[in-house]
Undergrad: 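Take this structure first; my questions come after.
Residue numbers count from 1 along this sequence. Values below: every heavy atom of this structure, side chains too, minus hydrogens, waters and symmetry copies.
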Amino acid sequence: MNDTLRTIHSLRSNHKFTSEEIPKEALEEIFKACVKAANASARQSYSIVVVGDRGVMKETLGYEGSRALIFCVDYNRIVDAAEHMGYNFTVDGINAFITGSTDAILAAQTAAIAAKSLGIDSLFTNSLHRGDIERIYRRFGLPERYCFPLISLILGYSAETPEYFKGRLEGKGVIHYDGYHRLTGEELDWLVNEYDDPEKRLGVIRDWEERGFTHYLDWFYAVWSVRDKRSVPERVKQFFDLLERAGFLEGFPLQQL
Ligand SMILES: Cc1cc2nc3c(=O)[nH]c(=O)nc-3n(C[C@H](O)[C@H](O)[C@H](O)COP(=O)(O)O)c2cc1C
């Protein structure tokens with residue numbers, strides 16, 4: 001295994017970070033590396049908000065580390081530069097959102113890999129979207145138009161060594177050679193067993209049997225996936241409202257929904 005693969009395979013989510021701060025030089029290396037990620041039309045249609053105040057991190061994201069990076073889909077820099085030069089740049093609705101999200105996510109994962117290569121641990125969290133997303137706009141002064149906070153990455157030095165690395169499903173149903181293959185009943189039975197296999201370490205918990213479930217996926221579908229379901233309509237509505245306000249749903253026939 002080469003060094004790059006070793007770094008990728010040593011990635012894992014960490015939940016508690018020490019009080020040690022990331023040196024400025026290391027942070028700069030992470031930024032230099034993450035903006036190297038591929039990006040549509042060489043536009044880098046994202047912004048990264050760097051949060052250094054642990055109290056603010058805890059309050060807004062629910063986790064704290066040395067830094068939190070909030071990756072936002074963002075066209076404001078591009079629109080402003082166009083206006084500055086006397087041009088009109090059209091942010092083309094959902095297309096812009098999908099493209100900007102892709103740019104932002106590629107930069108985010110590159111940041112996590114670069115950080116790990118420097119001995120810095122991380123946690124991706126979408127806790128940005130838990131509760132009122134407006135709080136993120138307000139707290140960090142995000143522009144309402146053409147900007148949406150997508151994902152945050154907490155960086156720091158892990159305070160604990162997790163017992164094991166989580167595994168991944170990597171074959172059938174994930175990798176489709178020469179076209180899409182929908183899993184058959186037999187293959188779905190195999191899938192259920194994969195999640196039950198303690199050696200594979202798939203899934204978010206390991207003690208599903210002690211919790212009275214026959215299969216991990218029984219717990220996953222019956223318990224984990226139905227959390228917070230009561231708030232789903234409000235959350236979906238807020239996503240739509242904010243994306244509409246941001247201009248990412250322009251041209252979309254909302255009245256037909
Ligand atoms: C979009 C996204 C959101 C996530 N949100 C959280 C979160 O809020 N809290 C958390 O503990 N882990 C979160 N994770 C981490 C995943 O739970 C984790 O990547 C997965 O369980 C696999 O574990 P590993 O990263 O240690 O291999 C998130 C990951 C992603 C990609």
Side-chain angles (χ1 to χ4, degrees), residues 1-18 30 33-34 37-38 61-63 65 68-69 71 101-102 104-130 150-229 232:
M1 207 185 266
N2 64 34
D3 285 349
T4 308
L5 289 173
R6 238 188 306 282
T7 301
I8 291 171
H9 285 284
S10 68
L11 286 170
R12 64 174 182 222
S13 299
N14 301 272
H15 300 94
K16 285 212 173 91
F17 295 89
T18 65
I30 293 168
C34 82
L61 306 173
Y63 297 95
L69 310 184
F71 290 82
S101 302
T102 309
I105 294 288
L106 290 177
Q109 177 70 358
T110 306
I113 295 171
K116 192 68 199 173
S117 77
L118 297 168
I120 297 162
D121 301 306
S122 63
L123 173 73
F124 275 109
T125 175
N126 55 1
S127 54
L128 287 166
H129 304 152
R130 267 173 229 141
L150 198 65
I151 187 75
S152 53
L153 179 65
I154 315 284
L155 296 174
Y157 300 94
S158 185
E160 51 196 17
T161 310
E163 233 182 286
Y164 61 95
F165 279 93
K166 280 199 195 137
R168 293 290 191 272
L169 206 57
E170 51 190 42
K172 258 180 280 180
V174 177
I175 316 289
H176 301 248
Y177 290 100
D178 302 322
Y180 192 88
H181 169 72
R182 191 152 211 151
L183 295 185
T184 62
E186 219 169 81
E187 287 166 335
L188 290 168
D189 284 340
W190 161 84
L191 183 82
V192 171
N193 289 332
E194 284 290 286
Y195 278 96
D196 289 348
D197 184 344
E199 298 290 307
K200 298 277 164 66
R201 304 176 313 269
L202 305 176
V204 285
I205 59 158
R206 295 217 291 179
D207 62 348
W208 42 272
E209 269 177 311
E210 288 141 53
R211 297 183 194 213
F213 294 89
T214 314
H215 300 289
Y216 167 77
L217 288 177
D218 285 316
W219 172 82
F220 175 78
Y221 289 121
V223 179
W224 185 253
S225 305
V226 296
R227 298 166 308 155
D228 305 332
K229 273 288 174 275
V232 164

Undergrad: For the atom pair CD1 (I8) and NZ (K116), what is the distance rounded to the nearest 0.5 Å?
TA: 13.0 Å

Undergrad: Nearest 0.5 Å, what's the NZ-CD distance between K16 and E160?
TA: 5.0 Å

Undergrad: Could you check whether any side-chain heavy atom of L106 comes within less than 4.5 Å of a side-chain heavy atom of T102, counting everything from C-beta outward?
TA: yes

Undergrad: Closest approach of T7 and S117, non-hydrogen atoms and distance?
TA: CG2-N, 3.6 Å

Undergrad: For the residue pair F17 and L155, establish whether any side-chain heavy-atom pair is separated by less than 4.5 Å.
TA: no

Undergrad: So, do K166 and V204 sit near enough that their side-chain heavy atoms are less than 4.5 Å apart?
TA: yes

Undergrad: For D218 and H215, indicate whether the former's side chain and the latter's backbone hold a donor-acceptor pair under 3.5 Å.
TA: yes

Undergrad: Using the ring of each side chain (for Trp, its six-membered ring), is Y180 parallel, tilted or perpendicular to H176, with breaks at 30° and 60°?
TA: parallel

Undergrad: Check for a donor-acceptor pair, side chain of S225 on one end and backbone N or O of F220 on the other, with a separation under 3.5 Å.
TA: yes

Undergrad: For the residue pair L150 and A104, what are the closest heavy atoms and their distance?
TA: CD2-CB, 3.9 Å

Undergrad: Drop me the distance from Y216's OH to W224's CH2, to the nearest 0.5 angstrom.
TA: 8.0 Å

Undergrad: Could you grab the distance from atom CG of L61 to atom CD1 of I154, nearest 0.5 Å is fine?
TA: 5.0 Å

Undergrad: Looking only at non-hydrogen atoms, find the nearest pair between S152 and L128 and report the distance.
TA: N-CD1, 3.8 Å

Undergrad: Kindly compute the distance separating CD (E194) from CG (D189), expressed to the nearest 0.5 Å.
TA: 12.0 Å

Undergrad: Give a yes or no on whether E186 atom CD has more than 12 heavy-atom contacts from other residues, nucleotides or ligands under 6.0 Å away.
TA: no

Undergrad: Just so I know, are the side chains of R206 and R201 near enough to count as touching, which here means a heavy-atom distance under 4.5 Å?
TA: yes

Undergrad: Taking OH in Y177 as the centre, count heavy atoms belonging to other residues, nucleotides or ligands within less than 6.0 Å. Is the count above 12?
TA: no

Undergrad: Using 30° and 60° as the class boundaries, would you call the ring planes of Y63 and H15 parallel, tilted or perpendicular?
TA: tilted

Undergrad: Any idea which heavy atoms bring I175 and E170 closest together, and the distance?
TA: CG1-O, 3.0 Å

Undergrad: With a 6.0 Å cut-off (strictly less than), is the heavy-atom count around CZ of R182, excluding the residue itself, greater than 12?
TA: no

Undergrad: Over all heavy atoms of both residues, which pair between A112 and L153 is shortest? Give the atoms and the distance, please.
TA: N-CD2, 3.8 Å

Undergrad: Looking at R6 and M1, would you say the former's side chain and the latter's main chain have a donor-acceptor pair under 3.5 Å?
TA: yes

Undergrad: Would you say the side chain of Y157 lies within less than 4.5 Å of the side chain of N14, judging by non-hydrogen atoms?
TA: no

Undergrad: Quick one, L169 with Y195, criterion side-chain contact (heavy atoms from CB on, under 4.5 Å). Give me CA distance, side-chain angles, the key distance, then yes/no.
TA: CA-CA 9 Å; L169 206 57; Y195 278 96; 3.7 Å; yes

Undergrad: Count the heavy atoms of every other residue, nucleotide or ligand shown that sit under 6.0 Å from CD of E187, and state whether that count exceeds 12.
TA: yes

Undergrad: I need the F71 CZ to I151 CD1 distance, nearest 0.5 Å.
TA: 9.5 Å

Undergrad: Will you find, in the side chains of D121 and S158, an N or O donor that is under 3.5 Å from an N or O acceptor?
TA: no

Undergrad: Restricting to non-hydrogen atoms, name the atom on S13 and the atom on L123 that form the minimum distance, rounded to 0.1 Å.
TA: CB-CD1, 3.6 Å

Undergrad: If only atom types and distance count, is the side chain of D207 paired as donor or acceptor with the main-chain N or O of I205 below 3.5 Å?
TA: no

